[in-house]
Chemist: 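Here it is: the structure, laid out below.
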Amino acid sequence: MDNDTIVTKVNAALAEEFELEQAALVPDAKIRDDLGLDSLDIVDMVIVLEKAFDFKLQNKESLAAIRTLGDIYTFIGELRDAGTIR
Amino acid sequence: MRCVVIGSGITGMTAALLLARQGHGVTLIEACDHAAPLLRGFERNELRFDTGFHCGGGVHRDGILRRWLRVLGVEASLEGITTSHSDVFMFSDGKEYRLPSGLRPVVAASERQFPGSGKPMENFLLLISQELASSPYLNPDIHSEPKGILADAGCLNDYLDKAGFPPHLRAMLSSRCLLYGVPPSLASWRDYTLVAGPYFQSCGSWHGGGAALVDALMHALQEAGVTLRLGCAVNAIEADTIEGVHSVVLNDGTRMPCERCFFTGHPSQLQSLLSHGLLRPAYLHHIADLPETNAALLLFAETYDALRDDESLFLLPSPYEMTTSDTEISWAAIMAKSSIYVYCGRPAADGRKPVMAVLFIPSANLPEGNPQPRPSSYVAWKRQAVESLRLAIEYRVPGLRGAWRIIDAATPLTMRHWIYGSTGSLYGVSHQRTSMPLFPSTRVPGLFLAGQNVLLPGVLGGIVSAAVAVGFAFGHNTVLKEFRACTAKE
Ligand SMILES: Cc1cc2nc3c(=O)[nH]c(=O)nc-3n(C[C@H](O)[C@H](O)[C@H](O)COP(=O)(O)OP(=O)(O)OC[C@H]3O[C@@H](n4cnc5c(N)ncnc54)[C@H](O)[C@@H]3O)c2cc1C
């Protein structure tokens, strides 16, 4: 899966599941301040991503570092590089 | 503030009590026509059967459950508290072991039955105690905020692997996962320590079991001025995203205004309780995808002296036969390789003792919903299942042959009938390491979730979950102040 596909898939899933505007979904967007997703939503977001990319997150603490939408792309990219996501 | 608590199980009663003590006006609403149907149990043939409480962990004087019972003001009403139940483990290969209650006795029993295991056991129990001592809701000396929902201490299996216990001992420790219905291979270390941990410290009960606890709590609720509405299901929680909750609507049409609402039923109800648009699709999907614990078949029987008072029997497959993919069990494999839990209670005045047996079963072949009258295929299945389970237990505990009498049985349909909104699973949501838990707060201001589906099953799980939810609503210190101030009576 290439990086563009990751971006498209992440954006589509978040727009749908959190009722966000596509236009707001830029890499620099801060999850909390710009997208309005708080710590409650992060838990739901994991499930959205797990479904969209068909994987099961093994260590929830790895999410702590995520601040921006770009961090999510990177996070998914790393799972792809590690072979967790195909 | 006006608070409505939905559901009068151990969680709802605890939440109502804590809220009323803080000076709020509290209404506790229960769909069933008596309070705490699960915890109260039932009576047949003039014998009282417990359902939701047989024994608890941490019941010794400084134990965590005991402390919470004291905080709730019900400790003094519970008579005949015992703290030294022992568990018997009978394997299908004929091996039989025991684990007493109390940290030092457990280490000694471990070393005696499995030479060389004492030291690793001591270490294992130390790790459990450390984890238990790290939460402000379990340890009065901790003054920090509770750990975040994403805190992860790894999985149970890693800890068991590291300890290097012999297979039977390992299986005995794993079998405590039966107490909350999560397959050991999917259990998180943290949840295991919270549910099973206190049982190592002390395991006990009191006269009258669950019903005595319900009576004591009902009395405390009355004293605290809580209004109780029985036989009323909540049909709707009315709210908007800015102002939050403003009322709940009962099935008789009554609208009850409130500013805070604590829901303790199964979260699958939330989709229909709240109007469209209040919860985002992501959250509704999260709820819909939460794994459930397995369904179970429960037998209720009486015996005179085939089993000891207050004794738990874990009938386990040989550790070499345990399936690793224990999420789905086939009916055929059940009798050969199942784990069965049997509990014998205290004798009634005439010497008869109540016995309950639990077997996890796949619910795939059972009818949907709660059909009345029951389909004949189901009635035939139930008769056959009860008979098979009786034979399986007698095969493994030969002393029961001709020495006990089955009085009643419960299936997942019984659970659905008995507990409003139950899916029929034994313990509601299954708390697995890789599943995302629900948070006590929700996106709807003023709406909080608590109970076995949110934190963990068990009487302690329900009490702590209620306390945490009240903490989220009004500040952790409003609850923990009382918890910390409460000291043991001499
Ligand atoms: C067979 C069995 C044995 C057990 N043994 C033990 C044991 O020995 N020790 C131990 O610690 N734990 C034990 N447990 C676990 C423990 O009983 C439960 O985890 C605990 O009682 C759950 O409490 P709760 O308040 O979270 O849920 P519940 O007791 O299920 O309470 C929820 C209540 O809400 C009501 N409700 C739901 N929706 C609505 C609505 N919309 N409107 C109005 N009312 C509603 C329901 O009717 C129900 O009464 C056992 C459980 C079972 C099933």
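Below, read A as the first sequence line, B as the second, and so on, with proteins coming before strands; counting in each chain starts at 1. Keep in mind that the numbers below use all heavy atoms, side chains included, and drop hydrogens, waters and symmetry copies.
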Chemist: Whether the side chain of N139(B) engages the backbone of S135(B) through a donor-acceptor N/O pair (distance < 3.5 Å, no angle test) should be reported.
Modeler: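 Answer holds: no.
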Chemist: Output the option from L284(B), D152(B), I287(B) having the highest count of non-hydrogen pairs under 4.5 Å with chain A.
Modeler: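 The residue among L284(B), D152(B), I287(B) with the greatest pair count is D152(B).
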Chemist: Show your working on side chain to side chain donor-acceptor pair (under 3.5 Å) between T193(B) and E131(B) and close with a plain yes or no.
Modeler: CA-CA 7 Å; T193(B) 61; E131(B) 183 66 37; 4.9 Å; no
Chemist: Could you walk me through whether Q432(B) and S430(B) pass side chain to side chain donor-acceptor pair (under 3.5 Å), step by step?
Modeler: CA-CA 6 Å; Q432(B) 305 175 357; S430(B) 171; 3.0 Å; yes
Chemist: With only heavy atoms counted, which part of L20(A) is less than 4.5 Å from chain B, the side chain, the backbone, both or neither?
Modeler: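 For L20(A), neither part sits under 4.5 Å from chain B.
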Chemist: Would you mind checking which part of D41(A) comes under 4.5 Å of any heavy atom in chain B, side chain (CB onward), backbone (N, CA, C, O), both or neither?
Modeler: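 Contact with chain B involves the side chain of D41(A) alone.
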Chemist: Measure V43(A) against the heavy atoms of chain B and call it side chain, backbone, both or neither at under 4.5 Å.
Modeler: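 For V43(A), heavy atoms of backbone and side chain both lie under 4.5 Å from chain B.
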Chemist: Under a 4.0 Å N-O cut-off, is there an ion pair linking R170(B) with D161(B)?
Modeler: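 Salt bridge between R170(B) and D161(B), a charged N being under 4.0 Å from a carboxylate O: yes.
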